[in-house]
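Within every chain, numbering begins at 1; the chains are lettered A, B, ... in the order of the sequence lines, protein sequences first and strands thereafter. Since we're looking at a predicted model, the values are computed, not measured.
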2 protein chains.
Amino acid sequence: MPSTSRVEAFPVNTPAASQIFTTVLSHGPLTRLEAARRAGLSPAAVTKAVRPLLEAGYLLEDANDEARPALGRPANLVRVDGGRALFIGLKVTGDEIIGVLADLCCRIRVARRVPLRGREPGQVLTVAAELVQELLTEADGFGVRVQGLGIAVSGDVDRAEGTVRYSPFLEWRDVLLAELATMTCGLPTTVDNDVRALTVAEQWFGDGVGLSDFALVTVGAGIGCGLVVHGRVVAGAHGVAGEIGHVTVDPAGPPCHCGNRGCVEAIAADPAIVAQVREVTGSEVADIAEAIELAHRGDAGARAVYAKAGEAIGRGIATVANLLGPARVLISGEGLAAYDLFAEQIRDAFTAAAFGSAARCDVHTRPLPFEEWARGAAATAIQSFITADPN
Amino acid sequence: MPSTSRVEAFPVNTPAASQIFTTVLSHGPLTRLEAARRAGLSPAAVTKAVRPLLEAGYLLEDANDEARPALGRPANLVRVDGGRALFIGLKVTGDEIIGVLADLCCRIRVARRVPLRGREPGQVLTVAAELVQELLTEADGFGVRVQGLGIAVSGDVDRAEGTVRYSPFLEWRDVLLAELATMTCGLPTTVDNDVRALTVAEQWFGDGVGLSDFALVTVGAGIGCGLVVHGRVVAGAHGVAGEIGHVTVDPAGPPCHCGNRGCVEAIAADPAIVAQVREVTGSEVADIAEAIELAHRGDAGARAVYAKAGEAIGRGIATVANLLGPARVLISGEGLAAYDLFAEQIRDAFTAAAFGSAARCDVHTRPLPFEEWARGAAATAIQSFITADPN
């Protein structure tokens, strides 16, 4: 059995050092003074914190030619060396595993997808281990160690425990995935819900950088939502949070798999759109791509279905804004392929249902590559590596 | 003009000391060891933190006879001396000001209510200053200083700025209330939204103690909600948060003052209930008390109105639970007077609409005294006193 002994410890052992590193990671390059200001620490604390990180090569310090003052020493810029460490992120769906090799700045270096041969935990772990091995071989080409593995799964996932409590797509209950993957793949493993993992990637490396309160709404096969409140991703006391897909839009609407009627997901997720386009147009569209095509050809029925979907998503986002007042809501996911078909309705429904100054929330789209979910998993591995308690 | 010079500084000047004091305040009496464990600090840090607080009389240390070990020194218990300081809390409604004198443990010592003579800021401040003066005279009887004033107002309130941005009941816009009240009343003043102030009281002194994530839902003239996420009250990036009253229950429902239809508030707040009882029963009930009386007498129409109100509140709570996954939801407010009329419907609608393990959230009622809102204001004053930056 592989061990995790190839992994080195991150040379940070104080909250201040961890804070400085994450500040430079998300906002860098920065002068030491600016890093101190943003982290709310003294320049002396920054000097103490960066020394071991510079020595170990996680931080680099460059002369800043642009900011060279007329007199005195130039203010050097501190930045993270993204190439100093690699991480693997896996997204497990019901059919396949998507895997990426990402650097310390969460830039994708290699991406792969492999089909599953079955959904039993053992079958999934075998495929995952093969994919990890392949990515580790790729990593050797970069001459840099892989320091951690992140796995993203939809459903009820307890990150702290490393357990998938319930995954409807995989039909898993209470699978100790982090422990099993650590043993099978030989890497310290972080397991998280897929939408929350994607939210971490946006918080540390994307459009959520610098915001203490934002939401990421994903549209596609399902309608999900990751929430950052007071600078941290909301996980929920019982594993459920961000279920914007089950905000009720219309109690007389179509039935939802959750047992209620008229949830956002029952109106605006891909399967709901396909079903409604079939019903409204009588056209036997095979999948969401055909539904989009029909709407793009100008079919009034298909376009009306998309308009209703947009209205449902807009109302869902307004509910999030009215309850939490985020500074920004990002809309992402594969459903953005149809964005021109419902963008206006999302905007109008949001504006109508947002209460008072909640309407000032910045709502915009955030197209992400198809490997986005696996990249989110890599982001959780980076987060675990940096913030791990060294004791 | 009175000055605030009579106020003394709280003898805490480090985050650790502030944390230890609030831990003992909310959870005490505690042994030093237990306080250290709960605050995540070393026993040495606790010893250093409590010394000035014991010297200034804010903390007391007693022999703990019950926990006396067979051998060795008994483990003393540290507790807050609630009588060491007093605070004034005011709740301003459209008609009156409710005021309380509360001790450092937020126990009400004196309560008063006085009618307003007008809603202009100047008129409200004059009545507030008279009430504060009356409560300061009462405080003299306790021989203890009043250390701060809290004012709670419904609407969009920026606590950090001390500004009432918009209050529909008072018809105020952008009133610098904290600054004006500090000048008029001679006490350091904290201004907050009334529901958030009540949430602070529950977080520090009530049923939210020890919970990092909970919600407080208030039912009555309006339907409000205070949210605590990651241990802090949610204020919203633009001043709006916790607007459970404007969660849509039925897009075909009755019109709401916010411009939409079928909001929780348009179905379940007192004015909506009175209007619906009149419409359904044909009985010209004058106010909510008469509506409740009619329902209690068994009128089927009035009871059906309450059943629908309960369903709307239950759905609103489920939306909060699905998005945030709080450990607990407390239901309070003057609307609890009718709780027997809709408790079952709240419970049933919540259970039906809660997604997966979000249904495990502990939902229960929390009857509070009529001065609850003013006590919430006092809690914000206590919070400001303890956590104020001494520099």
Side-chain angles (χ1 to χ4, degrees), chain A residues 155-156 165-166 168 211-215 225 227-253 256 258-260 262-263 265 311 315-316 318-328 352-362, chain B residues 155-156 165-166 168 211-215 225 227-253 256 258-260 262-263 265 311 315-316 318-328 352-362:
Chain A
D156 183 351
R165 289 219 197 100
Y166 176 53
L211 298 179
S212 63
D213 301 274
F214 75 94
C225 180
L227 298 165
V228 170
V229 178
H230 299 144
R232 287 170 55 199
V233 176
V234 176
H238 304 293
V240 167
E243 288 294 348
I244 194 177
H246 300 285
V247 166
T248 305
V249 171
D250 179 5
C256 182
C258 76
N260 288 289
C263 297
E265 197 156 290
E311 193 190 327
R315 278 180 178 269
T319 303
V320 169
N322 291 347
L323 287 175
L324 291 165
R328 181 175 292 168
F355 184 74
S357 57
R360 283 159 55 198
C361 173
D362 163 35
Chain B
D156 183 352
R165 287 221 198 97
Y166 176 53
L211 298 179
S212 62
D213 301 275
F214 76 94
C225 179
L227 297 165
V228 171
V229 178
H230 299 144
R232 286 169 56 197
V233 176
V234 176
H238 304 292
V240 166
E243 288 294 348
I244 194 175
H246 300 285
V247 166
T248 306
V249 172
D250 180 3
C256 181
C258 75
N260 287 286
C263 297
E265 198 156 288
E311 194 190 325
R315 278 180 179 269
T319 302
V320 169
N322 292 348
L323 287 176
L324 291 166
R328 183 174 292 167
F355 184 74
S357 56
R360 284 158 57 197
C361 173
D362 164 34

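Distance check: B:Ser212 OG to A:Arg232 CZ gives 7.0 Å after rounding to the nearest 0.5 Å.
For B:Val234, the parts lying under 4.5 angstrom from a heavy atom of chain A are both the backbone and the side chain. Proximity to chain A is absent for every atom of B:Arg328, based on heavy atoms less than 4.5 angstrom apart. Both the backbone and the side chain of A:Val229 come within less than 4.5 Å of a heavy atom of chain B. In this structure, the portion of B:Leu227 lying under 4.5 Å from any heavy atom of chain A is its side chain and not its backbone. With a 4.5 Å cut-off on non-hydrogen atoms, B:Asp213 does not touch chain A at all.
Contact record, A:Asn322 with B:His246: ND2-O, 4.0 Å, taken as the closest heavy-atom pair. Across A:His238 and B:Ser357, no two heavy atoms sit closer than the pair O-OG, 2.6 Å. Closest approach of A:Pro326 and B:Ala237 over heavy atoms only: C-CB, 3.9 Å. Residues A:Pro251 and B:Pro251 come closest through the heavy atom pair CD-CD, 3.7 Å. Of all heavy-atom pairs spanning B:Leu323 and A:Thr319, the tightest one is CD1-CG2, 4.2 Å.
A:Phe214 pairs by the ring pair (Phe, Tyr, Trp, His ring centres under 6.0 Å) definition with nothing, not counting sequence neighbours. Under the salt bridge (charged side-chain N to carboxylate O under 4.0 Å, His left out) criterion, A:Asp156 pairs with A:Arg165, sequence neighbours left out.
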Residue pair B:Leu324, A:Leu324: steps toward the side-chain contact (heavy atoms from CB on, under 4.5 Å) verdict = CA-CA 9 Å; B:Leu324 291 166; A:Leu324 291 165; 3.8 Å; yes

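The residue among B:Gly231, B:Cys258, B:Ala321, B:Gly236 with the most heavy atom pairs within less than 4.5 Å of chain A is B:Gly236.
Panel note: side chain A:Asn260, backbone B:Ala352; a donor-acceptor pair is recorded below 3.5 Å.
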